[in-house]
K.L.:
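Mind having a look at this structure? Questions to follow.
Scope of the values below: all heavy atoms of this structure, side chains included, with no hydrogens, waters or symmetry mates.
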Amino acid sequence: MSDIPQDISHDQYAVRLKKLQDLRAAGSDPFRANCTQSHFSGDAKALYVEGQDNLVTVSVAGRLVTFRVQGGSSFVKIQDQQGPIQLYFRRDVLGEERYGEFKKSLDLGDIIGATGTLFKTKTGEITVRVDAFTLVSKALRPLPEKWHGLTDAEQVYRQRYLDLIVNPESRARLMMRSRIVASIRHTLESRKFLEVETPVLEGVAGGAAARPFVTHHNALGTDFFLRIALELRLKRLLVGGYDRVFEIGRIFRNEGISRKHNPEFTMLEVYQAYSDFQGMMDLVKAIFSNLCRDVIGTFEIKHAASGQMINFAGDWRTVRYFDLIDEAVGSKLSALRGTEGYRPAVIEAATKLGCEARDDWQTFEIVNEIFGKKIEPALIQPTFVTHLPKELCPLAKLNQQDPGLIDVFELCIGGMEVAPAYSEQNDPFVQREMFEAQAGEEKQNIDHDFLLALEHAMPPAGGMGVGIDRLCILLTGAESIRDVILFPSMRHSENKG
RNA sequence: GGGACGAUAGCUCAAUGGUAGAGCAGCAUCCUUUUAAGUUGUUGGUUCCGGGUUCGAAUCCCGGUCGUCCCA
């Protein structure tokens with residue numbers, strides 16, 4: 001252990017180190033192996049019987065977050081998973097020596113355990129009157145300031161534990177994410193879906209159009225891709241006879257980082273045999289309905305960006321993709337689909353709306369630029385956008401009336417695409433064609449093993465993907481994806497000693 | 001990848017190119033029902049890093065690191 005200089009009063013680390021050494025010298029372990037926690041803070045407070053002070057004994061444990069000494073009595077607060085609880089220390093209860101130790105050896109940020117009885121203070125706060133306490137784990141570093149909390153964005157993300165200790169909104173928001181995922185699991189399990197786990201390391205990164213991360217397996221002497229979607233593995237399970245499956249898993253896309261993008265993010269994908277995209281509408285509404293009831297506690301939430309109230313109750317709007325395009329353009333543009341005049345008309349419409357229309361873009365890409373820039377951001381209320389052009393998703397079933405369209409929906413809420421779903425393509429010949437059209441020259445990117453699986457027959461099915469992070473942004477009112485990811489991706493920082 | 005902005009005490013923030021400050025935390029003091037507790041006193045700085053301009057740089061210039069936002 002390092003030497004301590006004479007005047008350490010300004011150095012909070014040194015002051016705490018000195019206290020720690022004094023504890024050790026007195027034969028007390030400042031980092032205990034265990035401590036009794038009979039109740040969480042909230043559960044303990046719930047045991048208090050009105051007007052019956054000092055009857056119920058509890059043992060609580062947590063981090064010391066406020067420390068108010070007033071001569072012979074002191075109020076402190078500790079914080080555990082359920083939040084804060086106040087403790088009351090008295091000299092006449094603990095005795096001169098122990099009370100002195102309480103004042104001398106403890107600091108804000110320490111983890112302590114305390115046993116005592118519940119009572120209500122004259123200001124009405126249920127509090128533990130402490131009979132015995134233990135320093136369980138000594139904090140050598142001071143906590144950030146309590147009133148302003150921690151605001152430095154970099155420190156919030158890099159040292160999330162500090163953010164969680166001192167910023168109650170962050171605690172609540174990130175805990176809500178856990179409850180959101182639990183609620184979704186519960187909805188799916190109650191509908192007899194099996195939760196499965198499929199490989200992160202893949203030979204072919206399929207199921208979406210995105211740049212993958214590449215890594216290397218030493219023993220096999222070969223490169224692997226980190227998955228960019230769950231789709232092709234889960235559909236193999238439909239072939240294998242798992243009729244209802246889902247996975248909530250991390251996927252990786254080697255693209256930019258922004259308010260709405262993290263290189264690794266969480267996707268729910270669900271597949272239900274003998275269903276279709278319309279069955280997925282019912283399912284996603286059930287998922288949202290349960291989320292509203294069990295997690296949010298209301299069927300109306302405020303959309304952070306626009307201030308509008310988003311209403312999840314009642315019927316959700318269903319509208320065809322090209323109806324929205326025609327509406328935005330202000331003419332019957334879609335009637336020209338398949339004619340020679342279509343592309344020039346699309347370019348003119350896009351230009352008029354101030355959207356990009358690059359020469360090297362295909363026509364459907366220009367149309368989708370209009371959708372992405374002018375239409376999607378305005379879809380605040382839950383909206384199923386259906387009948388998209390087939391080029392946008394090569395894994396969906398073609399529409400029977402119009403084979404240029406696919407049987408899909410994009411669920412848009414709060415101006416974001418929250419969940420795409422479709423009737424799954426199960427015709428191996430069509431699937432191969434779609435793959436080849438998409439791959440272009442890069443034929444090695446085709447997942448031939450998946451096509452082989454389709455040749456063994458896949459039942460008709462509805463499938464859906466839900467971006468969990470974006471869902472959490474929506475439901476928590478967060479401004480950035482980093483606010484709903486515990487440890488967002490950051491550039492490496494040098495480790496400081 | 002491009003642009004704008006930012007980095008000062010443990011934390012939150014000040015500081016015309018002219019002695020780097022405050023609040024909280026810390027240290028010392030008084031206080032047996034407090035709620036950002038209060039009281040009296042007080043310590044604490046590689047101003048992100050490296051260059052440059054200047055009599056003099058937290059401040060101006062150049063380069064870098066990290067972050068935030070916007071754009072692609």
K.L.:
Over all strands shown, is A:Arg158 touching base, sugar-phosphate only, or nothing at heavy-atom distances under 4.0 angstrom?
P.N.:
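It contacts sugar-phosphate atoms only.
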K.L.:
Counting only Watson-Crick or G-U wobble pairs whose two distances fall under 3.5 Å, which nucleotide matches B:G63?
P.N.:
B:C49
K.L.:
Is there a Watson-Crick or G-U wobble partner for B:C31 with both distances under 3.5 Å, and which nucleotide is it?
P.N.:
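Base-paired to nothing in any strand shown.
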K.L.:
If a protein heavy atom is under 4.0 Å from the base, mark B; if only from the sugar-phosphate, S; if neither, -; do that for nucleotides 4-10 of chain B going 5' to 3'.
P.N.:
------B
K.L.:
Quick one: ring-ring contact (aromatic ring centres under 6.0 Å, His included) pairs with a partner in residues 136-175 of chain A, sequence neighbours left out?
P.N.:
none
K.L.:
At under 4.0 Å between heavy atoms, what does A:Gly256 touch on the DNA or RNA strands: base, sugar-phosphate, or nothing?
P.N.:
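Nothing, no nucleic acid heavy atom in range.
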K.L.:
Under 4.0 Å from OP1 or OP2 of B:U12: is there any side-chain N or O of A:Thr151 that close?
P.N.:
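Answer yes for this pair, as a side-chain N or O of A:Thr151 is under 4.0 Å from OP1 or OP2.
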K.L.:
Does the B:U34 base have a donor-acceptor partner in the side chain of A:Gln86 within less than 3.5 Å?
P.N.:
yes
K.L.:
If pairing requires Watson-Crick or G-U wobble contacts with both distances under 3.5 Å, which nucleotide is the partner of B:U68?
P.N.:
B:A4
K.L.:
Quick check: do A:Arg129 and A:Asn54 have side-chain heavy atoms less than 4.5 Å from each other?
P.N.:
yes
K.L.:
Kindly write out the residues that satisfy side chain to side chain contact (heavy atoms under 4.5 Å, CB included) with A:Ala357, not counting sequence neighbours, or none if the list is empty.
P.N.:
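Counting only residues at least two positions away or on another chain, A:Ala357 forms a side chain to side chain contact (heavy atoms under 4.5 Å, CB included) with A:Ile347, A:Ala350, A:Ile366.
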K.L.:
Side chain of A:Arg482: nearest nucleotide among B:U33, B:C69, B:A72?
P.N.:
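Looking only at side-chain atoms, A:Arg482 lies closest to B:C69.
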K.L.:
Charged N to carboxylate O under 4.0 angstrom, A:Asp163 versus A:Arg171?
P.N.:
no
K.L.:
Pick base, sugar-phosphate or nothing for A:Tyr157, based on heavy-atom distances below 4.0 Å to the nucleic acid.
P.N.:
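Sugar-phosphate contact only - A:Tyr157 comes under 4.0 Å of backbone atoms but never of a base.
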K.L.:
Would you say the base of B:U32 and the side-chain of A:Arg90 have a donor-acceptor pair closer than 3.5 Å?
P.N.:
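Per atom types, the contact qualifies.
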K.L.:
Where do A:Lys19 and A:Asp107 land on the salt bridge (Lys or Arg N to Asp or Glu O under 4.0 Å) test, with the steps shown first?
P.N.:
CA-CA 9 Å; A:Lys19 291 185 185 183; A:Asp107 288 296; 2.8 Å; yes
K.L.:
Could you say whether A:Phe75 or A:Glu369 is positioned toward the 5' end of RNA chain B, judged by the nucleotide with the nearest heavy atom to each?
P.N.:
A:Phe75
